[in-house]
Amino acid sequence: MAQAKAAVWKTSNNAYACILAYYTYSRLYMNKNDIVDILEDIAVLLELKGENPFKIRAYSGGARALEAMEENLGEVIAEDRLGSLKGIGSALVDKIQTLYATGELAYYTKLRDSIAPGLIEMLEIPGLGGKKVKKLHDALGVESVDALQKVCELGKVAALKGFGAKSQEKILIGIANRANYAKRHLWWKAHDIARPILEGLRALPEVDRAEIAGSLRRLKETVGDLDFIVASAEPEKIMEWFTEQDTIQEVTARGATKSSIRFESGLQADLRVVPSEQFAFALHHFTGSKEHNVAMRQRALAQGFSLSEWGLKEVSTQELVVGASSEEELFSLLGLPEIPPELREGMGELELNAMPELISSDQIRGVFHNHTTASDGHASIEEMAQAAADLNFDYLGLADHSKASFQANGLDEARVFRQIDEIFRFNESDQSSIHVFSGIECDILSDGSLDLEDSTLEALDYAVMSVHSSFSQSQEEMTKRVIRAIEHPATTMLGHPTGRILLRREPYQIDLEKVIDAAIANRVIIEINANPSRLDMDWRLWRRAAEKGLMCAINPDAHNTEGLSYFEAGVNIARKGGVPKEQILNCRDCAAVAKWFKDRS
DNA sequence: GCCGTTTTCGGCCCGACTGTTTTCAGTCG
């Protein structure tokens with residue numbers, strides 16, 4: 001349901017008008033994902049209409065069936081095979097074909113027009129579903145969140161049959177916290193909250209096993225909520241411990257085997273306690289992703305089994321197959337090698353012949369692209385080097401800003417040479433337990449030229465080139481600009497290639513396919529900027545880019561000593577992208593790195 | 001609205017939890 005709500009939000013009002021105009025005037029066929037969104041919208045709208053729940057389910061089921069279909073939609077329609085998909089009957093065939101061919105659907109337009117947009121927004125309030133929203137609308141004439149707040153404050157909701165004082169209070173709290181609750185959270189911050197809870201759970205004597213599931217376990221860059229899965233024969237005591245954590249703002253559900261809590265940041269956490277024999281299945285199910293689970297269930301069905309969080313059943317007899325004590329065994333029951341959680345995104349991981357070897361943090365020998373007090377950092381060369389040594393690194397790269405980044409106290413030519421000198425003296429001194437490479441984070445100016453003289457860049461060990469200005473250029477201009485910088489002989493690495501700030505700033509327009517090809521052709525490294533708010537370049541692009549030969553560097557972009565530890569977030573992304581260690585510069589020793597800087601091999 | 005079929009319509013995934021009601025409806029995942 002959460003997904004259906006999101007879909008409505010996505011295609012509501014103006015957005016839908018844009019999609020419609022796009023397909024109406026472009027003579028393009030509507031793509032599969034837009035049709036899936038519309039089917040999900042219809043399901044939500046029907047819910048608000050108080051329609052037959054099975055009809056509603058038929059629409060969301062149809063959306064899922066369409067989404068899971070791997071073949072080309074145009075071909076399937078042309079060959080008249082749409083109706084043979086399970087979950088898509090004659091009515092949906094008609095609607096999907098109409099949408100595909102015209103981009104429009106009168107049934108949908110009429111349905112949308114009959115429902116106040118405010119009602120869809122009301123579904124975002126926890127505890128309110130289609131039926132309750134309909135009741136609030138029918139009984140009290142409520143058509144917006146604002147109106148709902150007013151009737152709650154007047155006590156009218158509590159007087160409604162089926163509601164009560166508690167429901168009214170919950171709605172008011174839900175309205176007040178709506179922005180927070182809808183938020184996603186950076187993996188790094190969510191992990192900080194989750195780790196002590198997981199450790200606490202594991203320390204309880206009643207707990208056999210405990211894991212964190214969901215997108216946190218899959219190492220997604222942002223996380224919606226936390227899912228803890230625990231194996232135990234005594235759920236009561238675990239529930240008690242979980243719901244009495246002092247970091248909790250609110251307990252939103254507390255049952256015998258399932259509880260939900262909310263932290264001050266708005267982050268929600270669910271805990272499920274299952275018997276030990278179900279643990280592997282529950283952990284796998286709640287780790288997801290949804291797409292991965294769909295693919296797994298399809299594979300099971302093809303072998304005569306039905307897979308769920310409870311276990312693996314024989315379809316013909318409905319009897320449980322022999323259990324699995326681990327996820328590895330679960331995968332093996334379906335003839336698969338164990339797929340690491342971070343690869344479970346429904347992106348063809350079931351079809352991989354061999355699982356890629358994923359790197360680990362202890363293979364990282366050092367990091368590049370970090371700042372000192374010379375520009376906008378908060379620690380000196382010595383302090384940063386000591387912090388790097390404390391992390392057991394063999395080397396540290398320092399890359400302060402160049403002069404165009406005036407706001408960051410960027411270095412001009414003279415200051416660059418002074419810093420090179422300081423780093424040289426540091427490396428020669430007794431206090432250096434690790435080697436410091438002298439680098440720069442040089443601005444790529446708006447025309448693609450570089451912010452420092454060639455002779456200055458050549459005096460450095462390496463140079464990271466980054467865009468820090470003119471973000472609103474067209475995709476064509478930006479792509480050309482960045483590729484020009486990549487083609488400069490002094491360029492060692494490209495910094496944060498899209499400039500995105502997660503949950504805050506969209507990436508700038510850039511054709512990364514072309515950028516990747518140019519980087520490969522020029523032996524230029526693209527970084528994984530490991531700042532938890534960036535994680536740029538995105539993991540979704542890495543598998544294919546690495547297969548084509550792109551080199552990677554994991555760069556914490558640290559502005560203080562603590563920031564060096566962000567490299568762990570970059571390791572997560574390299575794992576998720578399946579980048580092999582041979583193509584990660586940080587996995588090489590100091591001499592090999594120096595060699596790469598010299599001749600790029 | 002889909003499916004399967006005893007072909008013309010009945011059943012549809014389901015368990016956990018909350019709140020309101022006192023046996024159940026609605027929400028959530």
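All chains are named by letter (A, B, ...) in the order of the sequence lines, taking the proteins before the strands, and each is independently numbered beginning at 1.
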Does [X] pair with [Y] as a salt bridge, N-O distance under 4.0 Å?
{"X": "A:Glu291", "Y": "A:Arg344", "result": "no"}
{"X": "A:Glu79", "Y": "A:Arg81", "result": "yes"}
{"X": "A:Glu342", "Y": "A:Arg218", "result": "no"}

Contacts of [X] that satisfy salt bridge (charged side-chain N to carboxylate O under 4.0 Å, His left out) - sequence neighbours left out:
{"X": "A:Glu169", "value": "none"}
{"X": "A:Arg209", "value": "none"}
{"X": "A:Asp227", "value": "A:Arg272"}
{"X": "A:Arg540", "value": "A:Glu221, A:Asp538"}

What does [X] touch in the nucleic acid at a heavy-atom separation under 4.0 angstrom: a base, only the sugar-phosphate, or nothing?
{"X": "A:Ser259", "answer": "nothing"}
{"X": "A:Ile88", "answer": "sugar-phosphate"}
{"X": "A:Ala213", "answer": "nothing"}
{"X": "A:Gly62", "answer": "nothing"}
{"X": "A:Gly130", "answer": "sugar-phosphate"}

Report task. On DNA chain B, check which nucleotide each of A:Lys131 and A:Arg254 is closest to and give me the residue with the more 5' one. Result ->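 Its nearest nucleotide lies further toward 5', so the answer is A:Arg254.
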Report task. By nearest nucleotide on DNA chain B, pick out whichever of A:Arg272 and A:Ser90 is the more 5' one. Result ->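 That would be A:Ser90.
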Give the rounded distance in Å between these two atoms: [atom1] of [X] and [atom2] of [N].
{"X": "A:Tyr59", "N": "B:dC2", "atom1": "OH", "atom2": "P", "value": "7 Å"}
{"X": "A:Lys132", "N": "B:dT27", "atom1": "NZ", "atom2": "P", "value": "6 Å"}
{"X": "A:Lys166", "N": "B:dA25", "atom1": "NZ", "atom2": "P", "value": "21 Å"}
{"X": "A:Ile171", "N": "B:dG26", "atom1": "CD1", "atom2": "C1'", "value": "12 Å"}
{"X": "A:Leu160", "N": "B:dT21", "atom1": "CG", "atom2": "P", "value": "11 Å"}
{"X": "A:Met239", "N": "B:dA16", "atom1": "CE", "atom2": "C1'", "value": "10 Å"}
{"X": "A:His285", "N": "B:dG29", "atom1": "NE2", "atom2": "P", "value": "12 Å"}
{"X": "A:Leu82", "N": "B:dC2", "atom1": "CG", "atom2": "P", "value": "11 Å"}

Selected nucleotide, minimal atom distance to [X] side chain, candidates [options]:
{"X": "A:Ala253", "options": "B:dT18, B:dG1, B:dG26", "answer": "B:dT18"}
{"X": "A:Lys170", "options": "B:dG1, B:dT18, B:dG29", "answer": "B:dT18"}
{"X": "A:Lys86", "options": "B:dG19, B:dG4, B:dC2", "answer": "B:dG4"}
{"X": "A:Phe286", "options": "B:dT20, B:dG29, B:dT27", "answer": "B:dG29"}

Query raised in the report: Which pairs, with at least one residue in residues 131-157 of chain A and sequence neighbours excluded, count as a ring pair (Phe, Tyr, Trp, His ring centres under 6.0 Å)?
Result: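 Found none.
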Query raised in the report: Hey, is the side chain of A:Thr257 poking within less than 4.0 Å of OP1 or OP2 on B:dC17, counting only N and O atoms?
Result: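 For B:dC17, OP1 or OP2 has a side-chain N or O of A:Thr257 closer than 4.0 Å.
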Pick the [atom1] atom in [N] and in [M], then give their distance to the nearest Å.
{"N": "B:dC17", "M": "B:dG11", "atom1": "C1'", "answer": "26 Å"}
{"N": "B:dG10", "M": "B:dG15", "atom1": "C1'", "answer": "24 Å"}
{"N": "B:dC13", "M": "B:dC3", "atom1": "P", "answer": "12 Å"}
{"N": "B:dT27", "M": "B:dT20", "atom1": "P", "answer": "13 Å"}
{"N": "B:dC2", "M": "B:dT8", "atom1": "C1'", "answer": "14 Å"}
{"N": "B:dC12", "M": "B:dT5", "atom1": "P", "answer": "15 Å"}
{"N": "B:dC28", "M": "B:dT23", "atom1": "P", "answer": "26 Å"}

Query - Heavy atoms of other groups near A:Glu338 CD, more than 12 under 6.0 Å - result: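 Yes.
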Query raised in the report: Once each nucleotide of nucleotides 6-15 of chain B is scored for protein heavy atoms under 4.0 Å, what B/S/- sequence comes out, 5' to 3'?
Result: ------BB-S
Query - For B:dC12, the Watson-Crick or wobble counterpart (both distances under 3.5 Å) - result: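 In the structure as shown, B:dC12 has B:dG1 as its Watson-Crick or wobble partner.
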